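For reference, the structure discussed in these notes is given below.
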Amino acid sequence: MDNMTTNNENKSGISIGLDQLLPEDNKSVQMGLNYGQNECNSQRVLKENNTKRGKDLFGKKGRGSNPFWKKTAKLYCVLSAVCAIVVMVTLYVTHGDFLSYFLYHDTLDAGMDFFHSIEYVRGRQPYAVFDTLYPPLANLFFYALFLLVPASVSDNWTYDFEASVAMRGTETDLRTTQSCFLLYVFFVVLAVLLLAVLLRDVMQNAQWARASTFFALFSFGVLNAVDRGNIILLAAGLSLFFVMYHRSKRAWVRELALVALAVAAGLKIYPAFLGVMLLRNRDFKAAIRTVFYGIAALVLPVFAFQEGVYGLQLWLKILFSFGSKSKTPWAGNGINSMFAHGAHLVDLIAGTSNATVSFFAAAFAVAAVLVVCALLCRQEWQALLLITVAMMYQSQGNYIYCMALIPLAYFLAQEKVMTRQNILPFAVLMVFNLPLPIFEERNSYIRNTIVQLAILTAIIWGVVQAVNYVLAALKTQKPEQSKLDKKAARSTLVTFGASLGALAVSLAVFYGVWVLYNAPSITMQLGNGIYNTEYYTPENSNKELPFYWCKKSAEIKLVNPQLNTERYTFTFTVGDYFFDISDRPSITITFGDSSQTFVVSQENMKIRYTVDVPFGESTIDISYSGKRVDAPQDSRTLYFVMVTSLDKGTQPFVVCDG
């Protein structure tokens, strides 16, 4: 039956994209068949697949067909066209000024997720220097692009994050150079082309398939991804490739799909949620292989950078701290923002302050529930929708909606007519994908509130679908079906229990990693050779700064409570008017087997020293080559003074007694 469907489609003249190269590999899409669908549905889909289409953009309208608002694909196209027209009219009226109210608010930052990422890998220290959020594989991808940039261009770049931001709009802006700009163009074109081919292949049997593909490429997520130059464009295409071909009859195609998922997760992390589709198919061997592919994609790229394995630790700390400093957490587009929004409403009514509490654990728990519900869904598009919502456990940039194109494509391919059963998920998909003409200056509060309501709707709908499936599996109506029903029920419960166990183990590992990499920061203790804290107020300032008189040799002790090695930067100022620097004395700082000497050549000279501190207590030795300070009325042995602002909460509390 599958072969007949494919042959009929070929005769109708439809371009079927990758299926020409990989025939019969995408049968779950072509037939619209999946878990629990009945025979009537199979016959309906087969009949629709045998209908000749594709002679024009929108296809022929058959006799007695439903109006467009009852056809899912047609309704999606009409809604997309209406939104696009309103957006374009608004931009024409405002001469383009409202574009920054529709996409990213910073008009100088277009494409900078792409251009900054190339800049950040220049010194091969993307985490220690720039605190980049991208995983190691994404940094390796951008390092490969960096090697295509002429040295005459990259030599003018800076190693400092603030300075790199200041370069925007200047002569050294990466976007003004031919090599960097063309890299961006090729990246966007190829990534969008991959996405277009795959979407067209999925939706080949939907009404208005070509129009649906066209409007999908102008969805809100894709527009934001292009505006930012975000690598999710590539990750979304690879994720869709996995969904399409992970059940291919050809072994090498199946394996390629697994590798594609691992690479997608290595680029943007949250595509890893799609691995649930393997558990849903009970393909546990493939799931195990995918885990190994994912580990390789995560770990191996770190060795291309100077930070090595330590860079992976730095990235985990950056990842866990992402979004924790938001002053308005309720204005985001994730499940955690949905909780924060509810708490914010309670705060407004009761006068409390609960909205600033972290809801990360609650959001991740809801994501886990959605994953379990996805395992129990009858149809593929239902599972994909719940998995996509689970990816939104934490607020992200609006480019996250690129991932919502995957359930949208499968929905349009498998649900051709609007019904009471699919109208809610259709509305959720529209909120995620339509370029809604909402213009806001910065935080997108209105749009994200609508998104949060859509997320809440999807959560409730998904739980109801899962409960209905379990009840249907446990219910036996005919005596002759009793044994089969009980066997199916036991199989369902075993899968459900195994999935819960896997989720519990994953949550335990996740929590352990979170505790490990979010332990208290390194503390600094001022030891032998350093006197008690004193304070002074600099000229033209009202702020008191602490300073410490030191002997000729002094010690600073660093205590690292974490099991892993941590990088610590100690900054202080020397050479102020407290002592004589006319002889250009030097300060030598020694940590372990390494040392560094700084010549004090000016007043208020800032010294910055970075060390990798292992677990436990370590000592930094400081020696001064200058003369003793002439202070006859002071009984202490004074050689030099350190002025520090006690950055990052480092609090000296152990000092020598003279």
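If you're wondering where the values come from, they're calculated on a predicted model, not measured in any experiment.
Applying the salt bridge (charged side-chain N to carboxylate O under 4.0 Å, His left out) rule to D227 yields no partners; only residues at least two apart in sequence or on another chain are considered. R289 is linked by a salt bridge (charged side-chain N to carboxylate O under 4.0 Å, His left out) to E255, counting only residues two or more places apart in sequence or in another chain.
Looking at V366 and F359, their side chains never come closer than 4.5 Å, going by heavy atoms from C-beta outward. At least one side-chain heavy atom of F242 sits less than 4.5 Å from a side-chain heavy atom of M277. You'll find the side chain of L434 reaches within 4.5 Å of the side chain of S80, heavy atoms only. Two residues are said to be in side-chain contact when any heavy atoms from C-beta on lie closer than 4.5 Å; Y245 and L256 fail this criterion. Residues L238 and L267 are in side-chain contact: their nearest non-hydrogen atoms beyond the backbone lie under 4.5 Å apart. Side-chain atoms of L436 and M430, non-hydrogen and from C-beta on, never get closer than 4.5 Å to each other. When side chains are defined from C-beta on, M338 counts as touching I459, because their heavy atoms get closer than 4.5 Å. Inter-residue side-chain proximity for L376 and V470 is flagged as met; some heavy-atom pair is nearer than 4.5 Å.
In this structure, R378 forms no cation-pi arrangement with Y469, as its terminal cationic atom is not both closer than 6.0 Å to the ring centre and no more than 45° off the ring axis.
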(request) Assess whether side-chain contact (heavy atoms from CB on, under 4.5 Å) is satisfied between Q396 and Y270, documenting all intermediate values. (result) CA-CA 11 Å; Q396 301 281 342; Y270 36 76; 3.9 Å; yes
(request) Would you sort out whether I438 and I450 count as a side-chain contact (heavy atoms from CB on, under 4.5 Å), showing the intermediate values? (result) CA-CA 11 Å; I438 300 175; I450 297 174; 3.8 Å; yes
(message) I'd like to know whether L384 forms a side-chain contact (heavy atoms from CB on, under 4.5 Å) with L408, so could you lay out the CA-CA distance, the side-chain angles of the two residues, the decisive distance to 0.1 Å, and finally the verdict.
(response) CA-CA 9 Å; L384 291 170; L408 173 67; over 6 Å; no
(message) Please evaluate residues L370 and I387 with respect to the criterion side-chain contact (heavy atoms from CB on, under 4.5 Å), reporting the C-alpha separation (whole Å), side-chain torsions for both, the decisive distance (0.1 Å), and the verdict.
(response) CA-CA 7 Å; L370 290 173; I387 292 171; over 6 Å; no
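Checked against the 6.0 Å centroid threshold, F220 and F102 count as a close aromatic pair. Within the 6.0 Å centre-distance limit, the rings of F411 and W381 are counted as a close aromatic pair.
Interatomic distance, CZ of F215 versus CG of L79, reported as 10.0 Å (0.5 Å rounding). In this structure, M392 CE and I455 CD1 are separated by 6.0 Å, a value rounded to the nearest 0.5 Å. If you take CE on M418 and NZ on K74, they are separated by 13.0 Å, rounding to the nearest 0.5 Å. One finds the CE atom of M391 at 7.0 Å from the CD1 atom of I400 (value rounded to the nearest 0.5 Å). Here the straight-line distance linking atom CG of L234 with atom CG of L194 works out to 7.0 Å at 0.5 Å rounding. Atom NZ of K268 is separated from atom CE of M403 by 10.0 Å, given to the nearest 0.5 angstrom.
The main-chain N or O of Y104 is never found under 3.5 Å from a side-chain atom of R228 such that the two would form a donor-acceptor pair. In this structure a side-chain-to-backbone donor-acceptor pair under 3.5 Å is missing from R447 to N333. Proximity of a side-chain donor or acceptor of S337 to a complementary backbone N or O of A331 within less than 3.5 Å is not detected. Of the possible polar contacts, none joining the N422 side chain to the K416 backbone as a donor-acceptor pair under 3.5 Å is found. A donor-acceptor contact shorter than 3.5 Å links the side chain of N468 to the backbone of V464. Under a 3.5 Å cut-off, the side chain of R254 and the backbone N or O of K249 do form a donor-acceptor pair. Looking at N398, its side chain never comes within 3.5 Å of a backbone N or O of L103 through a donor-acceptor pair.
For the residue pair L233 and A191, the shortest heavy atom distance occurs at CB-CB, 3.8 Å. Across all their heavy atoms, N433 and Y401 have their closest contact at OD1-O, 3.9 Å. Across every non-hydrogen atom of A262 and A297, the tightest pair is O-CB, 3.8 Å. R280 and E380 get closest at one heavy-atom pair: NH2-N, 4.0 Å. Pairing each heavy atom of R200 with each of A209, the nearest pair is NH1-CB, 3.6 Å. Taking each heavy atom of A363 and N336 in turn, the nearest pair found is CB-N, 3.6 Å.
Residue pairs satisfying the side-chain hydrogen bond (donor to acceptor under 3.5 Å, both in side chains) criterion with at least one member in residues 234-244, sequence neighbours excluded, are absent.
Under a cut-off of 6.0 angstrom, the local environment of CG in L193 is crowded, with over 12 non-hydrogen atoms contributed by other residues, nucleotides or ligands.
Between F360 and F364, the ring planes are parallel. Angles under 30° get that label, and only those over 60° would be called perpendicular.
Results of the side-chain contact (heavy atoms from CB on, under 4.5 Å) test with L385 over F426, Y410, W461 single out W461 as the only residue that passes.
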